[in-house]
Amino acid sequence: MVCREALDRLSPFLDDELDPLVSRDVSQHLETCPSCAAAFARQRDVSATLRRDLEYHRAPELLRARILRDARAAARRAEGAPSGAVAHPGRWVGVAAAVMAVFGGAWQTASLPLTAGRDAVIREAVSGHVRSLMASHLTDVASTDQHTVKPWFAGKLDFSPPVTDFAAAGYPLVGGRLDYLQGRSVAALVYQRRKHVINVFVWPDAHEAGLSAATRQGFHVIVEKHAGMAYCLVSDLNPDELAAFARMLTGAPPPPG
Ligand SMILES: [Zn+2]
């Protein structure tokens, strides 16, 4: 790796957003190149200073939760939906994300309060994600065609997961596989964003619609429930793009068939 390439990647390297191989190359370059290492140190200092100042101004967790709740209620009213129903979760997720951005809370810290059960789901989903990357067992059915992937699940699961290809939006479907979460079989849909793999675990969930975001072991996780389905997205993709994808995924109409 030459200096130009290393310097171009300092910011994602610092945010741990590079895929592992590139990250290793940058790391090796920094060890051998004093001028790039100095540039990296400067960038790290600036970033640490920013984070410290933001920390100082960060809204308390409770206030954040209240703002989220109010934003959700406002979105419901704006949609004219009956209370208790979430007409367009994408709308209030956007509002909530904007509100949290104002408070300087990074997505990593901007999670709704997690119940113990939710936390366990996130932990298991991250394990499933890591396993799928390490064991070369990313997909049981490798296909970019939603009309191939969806029927593949039939007979293997007691529900039919919504499967949509989002290639046109830059999130192509790669395939699917069976996975296991919380003692039950779930659908794992695999998508890609540039070089980042996104695992989407899907299972039926009758509980109230809701959203959680968290970071575990360096992976970003979003759990969103909508229209009777729970979606758990895990990736090393940056949180903003992952959140955008979650909105696309859960707001999409079910594919025909
Ligand atoms: Zn260099």
Side-chain angles (χ1 to χ4, degrees), residues 1-65 67-68 93-94 96-114 119 122-123 125-127 129-134 170-171 191-199 211-223 232-247:
M1 182 171 282
V2 299
C3 293
R4 185 73 263 156
E5 292 171 313
L7 290 174
D8 281 349
R9 289 169 176 77
L10 283 186
S11 173
F13 177 73
L14 189 59
D15 293 334
D16 206 13
E17 287 177 351
L18 293 174
D19 76 71
L21 288 178
V22 179
S23 181
R24 194 194 57 195
D25 288 350
V26 172
S27 174
Q28 280 169 356
H29 182 87
L30 293 179
E31 278 168 25
T32 56
C33 174
S35 88
C36 285
F40 176 67
R42 273 194 306 277
Q43 196 154 330
R44 194 184 46 204
D45 289 350
V46 168
S47 168
T49 304
L50 272 177
R51 204 175 306 129
R52 195 180 52 230
D53 291 350
L54 289 175
E55 194 88 42
Y56 182 75
H57 294 294
R58 184 169 288 156
E61 212 50 50
L62 252 179
L63 175 60
R64 199 196 309 276
I67 290 167
L68 269 168
V93 170
V99 169
M100 291 189 289
V102 167
F103 278 94
W107 260 98
Q108 289 94 304
T109 58
S111 53
L112 287 171
L114 294 169
D119 227 9
I122 288 174
R123 213 171 37 240
V126 169
S127 298
H129 179 76
V130 171
R131 219 169 32 236
S132 76
L133 299 178
M134 282 171 48
Y171 297 83
Y191 289 90
Q192 209 173 347
R193 176 67 168 173
R194 296 186 298 273
K195 285 185 171 174
H196 303 273
V197 169
I198 307 172
N199 264 291
L211 173 90
S212 308
T215 297
R216 293 286 184 283
Q217 297 168 240
F219 295 103
H220 304 298
V221 185
I222 293 176
V223 181
C232 180
L233 292 77
V234 187
S235 182
D236 63 346
L237 178 65
N238 68 73
D240 289 342
E241 284 185 309
L242 192 64
F245 182 50
R247 287 197 289 275

**OP:** Could you tell me how the ring of Y171 sits relative to the ring of F245: parallel (under 30°), tilted (30 to 60°) or perpendicular (over 60°)?
**Re:** parallel

Original post:
Shortest non-hydrogen contact from S235 to H196?
Top reply: OG-CB, 4.1 Å

**OP:** Please report the closest heavy-atom contact between L211 and I222, naming both atoms and the distance.
**Re:** CD1-CG2, 3.7 Å

**OP:** With sequence neighbours excluded, tell me which residues meet side chain to side chain donor-acceptor pair (under 3.5 Å) with E241.
**Re:** R193, R194, N238

Original post:
In Å and rounded to the nearest 0.5 Å, what is the CG to OG1 distance from D16 to T215?
Top reply: 10.0 Å

Subject >> Straight-line distance of D15 CG to D236 CG, nearest 0.5 Å >> reply: 12.5 Å

Subject >> N-O pairing of R216 and D119 below 4.0 Å >> reply: yes

Original post:
Do you know which two heavy atoms are closest between Q217 and V126, and how far apart they sit?
Top reply: OE1-CG1, 3.6 Å

Subject >> CG on L133 to CZ on F219, rounded to 0.5 Å >> reply: 6.0 Å

**OP:** Please assess E5 against D8 for the test side-chain contact (heavy atoms from CB on, under 4.5 Å), listing each intermediate value before the final yes or no.
**Re:** CA-CA 5 Å; E5 292 171 313; D8 281 349; 5.8 Å; no

Side chains of residues 18-37: which donor-acceptor pairs under 3.5 Å do they make with residues two or more places apart or in other chains?
residue : atom : partner : partner atom : Å
D19     : OD1  : L21     : N            : 3.2
H29     : ND1  : M1      : O            : 3.0
T32     : OG1  : Q28     : O            : 3.3
T32     : OG1  : H29     : O            : 3.1

**OP:** Could you pull out the closest heavy-atom pair between L14 and Q43, with the gap in Å?
**Re:** CD2-O, 3.8 Å

